[in-house]
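These notes are about the structure you will find just below.
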2 protein chains.
Amino acid sequence: MDQAQLLSRLQLVFQEHGYEGATLSKLAAHSGLGKASLYHHFPGGKAEIGATLLSGAIERLEKLAFAALRQNANPRQRLTEFVDGFATYTEDGASPCLIAAFSQGSAWVAHGDAVAEQFQSWRALLAATFQEAGYKPRRARREADALLGVLYGQLLLAKLSDDPGAFRRSIKRLKKSLLAG
Amino acid sequence: MDQAQLLSRLQLVFQEHGYEGATLSKLAAHSGLGKASLYHHFPGGKAEIGATLLSGAIERLEKLAFAALRQNANPRQRLTEFVDGFATYTEDGASPCLIAAFSQGSAWVAHGDAVAEQFQSWRALLAATFQEAGYKPRRARREADALLGVLYGQLLLAKLSDDPGAFRRSIKRLKKSLLAG
DNA sequence: GTCTATAGATCGATAGAC
DNA sequence: GTCTATCGATCTATAGAC
C-alpha cells in the first residue's frame, strides 16, 4: 500500500469520528496496520497523523479550489471555478470535510492556529475576488462569508439528510446565482 | 444547582469536544459534580446524558424556530420568524449547535435515527412553507435545503473565523433576501 | 445526593523479535 | 516494515461510606 492510500484510509477515520474519537486502535484497524507500524510511519503518534492529514487537506483545498481565485480570468469566472474546485475536493470521500472535523475540542487546541490563519487568508482572498467583481469592500466580505457558509453548510446537510445529491444540487444553484448576481 | 443549569454545563462539554471527546471526567469537572453523582442523575451514563441533551436541543429548536412555520401568518413572514428563532436558539451558547456535534461517529450510530427522522420532518416542513410562498415543489425543496445549509454553515463559519458577529450579520442578510426573493 | 475508592476495559505509546 | 506483548494513564462504570 502506498502512502497516499494509507493517508486516505486514516482520513476516513478522523472524518467519521472527529479528532478525539479517532483512536489509535480504530486507525490501526482501518489502515490494516498494527499500532507499532503506525508509529514507524508517524513517530509523533496520533498528533502527527492528524497534523499530516490536516496540512494535506489544506494543501489540496488550496490547489483544487482557492488557487482558481488567484488566476487571471474575470472575477465571476474565477468564482465559479472556485465552487467547482470545492465540489471536486469533497469527492474524495470528504463528506463533512476534514477541516470541519478538526474544528472541535483538543484538535482545535493542537492545530487550530494553523487552521485559523489559513482560513482567514482564504476568507480575505475570496472577499477580494468579490470586490473585483464589483462589490464594495463591506459587501464583498459578506458575500465571501455567505459563500463559505453555504459550502460548509451543504456538506453537513448532505450528511444529516443522508442525501449526497443535495450537495451537488446546491453547487449548481450556487454557480447560477454567482453568474447572475 | 437546578436541572436546567446542569444540562447547560454538560451541553457545553459535548459542543466543545464532540460526543466521543466528551469524557465522563470532563463532564464531571465542568458540571462540578463527581462521576458517581452524574450516574445518580443519569443512570444510563454518558449515553443517557447525550440522549437527554440531544432531545432537549431538538425540542428547543422545534419550539423556538420551526414552530413559527406552523402558524397562520403569511409564508414569508413565517420564514423570517423561523430565521429569527434559529438565531435565538444559537444564543444560549450553542456555537456550532449540538445536533451538528452529534452528527459524527458513535453518537450518530447511537442517536442518529431519531435525529435523521426529525431532520427530514423539519426539512419537509420548511419546503412546504417555501411552496406556500409561491415556489414550485422542486424549487421549494432546494430553497429549503439552501436555507438550512446557510444556517448550519454560518454556525461553523463563526467558529472557524472566531467572529461571532459573522453569524448575526448573515442572519440579517438572510432575512432581507427572504423578504425580497 | 454527593463523595472516595476502585474495578475492568481501552487509551496512547513503547520494547523487542522477526 | 510489521508483528506480539506490554506499560502506565485514562476511560466508563460501580460499590459503599456519609
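Every chain is numbered from 1 and lettered A, B, ... according to where its sequence line falls, protein lines coming before strand lines. Since we're looking at a predicted model, the values are computed, not measured. Quick note: numbers below take in every heavy atom, side chains included, and nothing from hydrogens, waters or symmetry partners.
Across the protein-nucleic acid pair, A:His17 atom NE2 and C:dT10 atom P stand 15 Å apart, rounded to whole Å. As rounded to whole Å, 12 Å separates atom P of C:dT4 from atom CG of B:Leu33. What separates CD of B:Glu20 from P of D:dT12 is a distance of 11 Å, to the nearest Å. Between the CG atom of B:Asp2 and the C1' atom of C:dG1 there is a distance of 15 Å, rounded to whole Å. Rounding to whole angstrom units, CG of residue B:Leu38 and P of D:dT14 are separated by 13 Å. In this structure, NZ of B:Lys35 is placed 13 Å from P of C:dA5, rounded to the nearest angstrom. Rounded to whole Å, atom P of D:dT10 lies 14 Å from atom NZ of A:Lys46. Nucleotide C:dC11 holds its C1' atom 15 Å from the CG atom of B:Leu24, rounded to whole Å.
A centroid separation of less than 6.0 Å is found between the aromatic rings of B:Phe102 and B:Phe14.
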Worked verdict on B:Glu20 versus B:Lys46 for salt bridge (Lys or Arg N to Asp or Glu O under 4.0 Å): CA-CA 10 Å; B:Glu20 303 187 56; B:Lys46 177 175 168 172; over 6 Å; no
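Phosphate proximity of C:dT14 to A:Tyr39: absent, as no side-chain N or O sits under 4.0 Å from OP1 or OP2. For A:His40 and C:dT14, the shortest distance from a side-chain N or O to OP1 or OP2 is not below 4.0 Å. Remark: B:Ser25 is not in phosphate contact with D:dT10, judged by side-chain N or O atoms under 4.0 Å from OP1 or OP2.
In terms of modelled atom types and a separation under 3.5 Å, the side chain of B:Ser121 and the main chain of B:Glu117 share no donor-acceptor contact.
A:Ser37 comes within 4.0 angstrom of a nucleotide base, judged by non-hydrogen atoms across all strands.
Surrounding CZ of A:Arg168 are at most 12 heavy atoms belonging to other residues, nucleotides or ligands under 6.0 Å away.
Comparing A:Lys26 and A:Ala36, the nucleotide of DNA chain C nearest to each residue sits closer to the 5' end for A:Lys26.
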